[in-house]
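A quick note: this is a predicted structure, and the numbers were derived from the prediction, not measured. By convention in this document, chain letters (A, B, ...) are assigned in the order of the sequence lines, proteins followed by strands, and residues within each chain are numbered from 1.
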Amino acid sequence: MIAFEHVGKRYGGRFEALSNIDFRVSRGEMVFLTGHSGAGKSSLLRLIMRLERPSRGRVMVAGHDIDKLHPSQLPFYRRQIGVVFQDHQLLFDRSIYHNVALPLEIRGLAPRDIARRVRAALDKVGLLHREKALPIELSGGEQQRVGIARAVVNKPALLLADEPTGNLDPQLSADIMGLFEDFHRIGTTVMIASHDLALIARLRHRTLRLSEGRLVADEEAA
Amino acid sequence: MSARHSRKGAATPRGASAAARTGGRQEASTSPRGARQQTVRAQGQWQAWLRHHRAMCVDSLRRLVRQPVGSLLTMLAIAIALVLPSALWLSLDSAKLVDAELDASATLTAYLDKGVSESETGRILEALEAQSEVAATELITAEQGMAEFQQSLGLDDALARLDENPLPAAVVISPTTPSPEAMAALSERLSAMSGVAEVRLDLAWIERLRQLAELGRRLTLALGVLFGLGVLLVVGNTIRLAVENRRKEIEVVTLIGATHAFVRRPFLYSGAWYGLGGGLLAWGLLTLGSDWLAAPVASLAASYGAHYQLPTLGLVGSTTLLTCSTLLGWLGAWIAVSRHLAGIKPR
Ligand SMILES: Nc1ncnc2c1ncn2[C@@H]1O[C@H](COP(=O)(O)OP(=O)(O)O)[C@@H](O)[C@H]1O
Ligand SMILES: [Mg+2]
């Protein structure tokens, strides 16, 4: 599903945020990405989303060199990836329902289909009863669950998450990770950047460890 | 996984279940069923496109109404930029009428020798009318000339004190062809006739008027272009601020796969609404203005013995004004959005 081939990423010419990253993730796998702050986790995810382009090497997704995508194809490429952010990137001027509906509206689904799928996604994250609320009225954990609902409402083949439990207490973090495991179970490829080592260790999935832009460990689940 | 293969995505849960449902026949695009599915899909996309247009059209209007003062100010600025060239264009339209009247009123005046007898005058008149280039003649005797002169200048007393009428008799001649060249030639020949002292030909002021009209036309064009640019700037600036205000939203929708067209659409509708609003305001200002000016213009014209009415926009003019303003608003928005979208990169 994902293949990094000797990928390097420089910002501003001199500083190398990622160097010689080489790994593969198969379809349906669930992978954690760990490392200290500034190790390059976010940069790696942004390369997959094609928000950044590699300075060297190739990033292959589903067999395609995504660097070769034409700008006009990018929106359609991104529609197939669900992304969850640490700061969840919700729009605060519209309800939970309309936040989750956004990817479907972009795809031009009929309102009837949108309603059905939004409710299914909200139900999955346990927030169906809050669909009319504004994001500001929700707790941090609930906002993060809305972010997840929005990421999966499109039924993406690939789900990326950048520190999805960054600001949450251990119990909420475990709940959120449980949601990701559910999607993994139905066949979605999941990649989660996190520095919550204790939680990752408990969940027993493959873990890629970055340090100063290098891939220093690739550990299969124990 | 690429854009091209987005619809199939065979290894995704969705793709897998869809393939299972259709027994894998989805791949065979040559089958009748595949063809039908493609038509349905194309129809669905067309409907989705229409739906989004409709939604953005309404949504952008709603946003305008939510900030009535700001929107009105923008529209007023557009209206002011539109009023001046429109007013010029209108008066030019009336200059065209003057043009037509000029042709009709192009005449020569032949002043006869002073003191010619009435019979002599009659003979000269006949000779004049015999010319093929002369369409009509009108005799103004010395006495008539004096009376007109007195009336138009209001100098009754001063002129009454003159012992002798200083004015000669005159014949006003309408030529068959009112072109400047033909009239100049005619005037040359007429002045050679005996009994004719002088032929006055007012080509100069006709020419001057024509050039004035041409100047007006070019001025209108130049001002139209200039003020059109002004409208683009006004709308562009407003839309730039709107884009800046919704920066976060643009970043998020770009992140989750919105196309440029999708992002641009609400702003283009806003621009078109601003343009239409500005056009309507300009139309109102023009109507008010011509109402306000109508009375003095009419009495001014009456004092010259003319009947002249201020031109109005009419249906064609109004439609043109509103179409142009709407298009200008749309264009201004397009330029602003395109320039600023390039600078917005999702984080
Ligand atoms: N847009 C950018 N421009 C310049 N440097 C950047 C940019 N994004 C990240 N970096 C740098 O790259 C390094 C890796 O950052 P990041 O990928 O965010 O790490 P992590 O997510 O693991 O904390 C950091 O040193 C960071 O300062
Ligand atoms: Mg990070």
Pairs satisfying ring-ring contact (aromatic ring centres under 6.0 Å, His included), at least one member in residues 53-88 of chain B, at least two apart: B:W49-B:H53, B:H53-B:Y269
Over 12 foreign heavy atoms within 6.0 Å of CZ, B:R66: yes
Atom NE2 of B:H260: over 12 foreign heavy atoms under 6.0 Å: no
For A:R150 against B:I256, the heavy-atom pair lying closest together: CD-CD1, 4.4 Å
Part of A:R50 lying under 4.5 Å from any heavy atom of chain B: neither
Which atoms of A:I66 approach chain B - backbone, side chain, both or neither, heavy atom under 4.5 Å: neither
Distance (rounded to the nearest 0.5 Å) between B:R246 CZ and A:D93 CG: 8.0 Å
Option among A:I81, A:L51, A:V83 that satisfies the side-chain contact (heavy atoms from CB on, under 4.5 Å) test with B:L255: A:L51
Contacting region of B:V252 [heavy-atom separation from chain A under 4.5 Å]: side chain
Distance-minimising heavy-atom pair for A:L91 and B:K248: CD2-CG, 4.2 Å
Atom CD of A:E181: over 12 foreign heavy atoms under 6.0 Å: yes
Closest non-hydrogen atom pair between B:T259 and A:R79, with its separation: CG2-NH2, 3.6 Å
Neighbour count above 12 (heavy atom, 6.0 Å) for A:R94 CZ: yes
Any A:E105 side-chain heavy atom under 4.5 Å of B:H52 side chain: no
Greater than 12 external heavy atoms within 6.0 Å of A:R24's CZ: no
B:R51 side-chain N/O to A:G108 backbone N/O, donor-acceptor pair under 3.5 Å: yes
A:E137 CD: over 12 foreign heavy atoms closer than 6.0 Å: yes
Minimal non-hydrogen separation, A:L102 against B:V253, with atom names: CD2-CG1, 3.7 Å
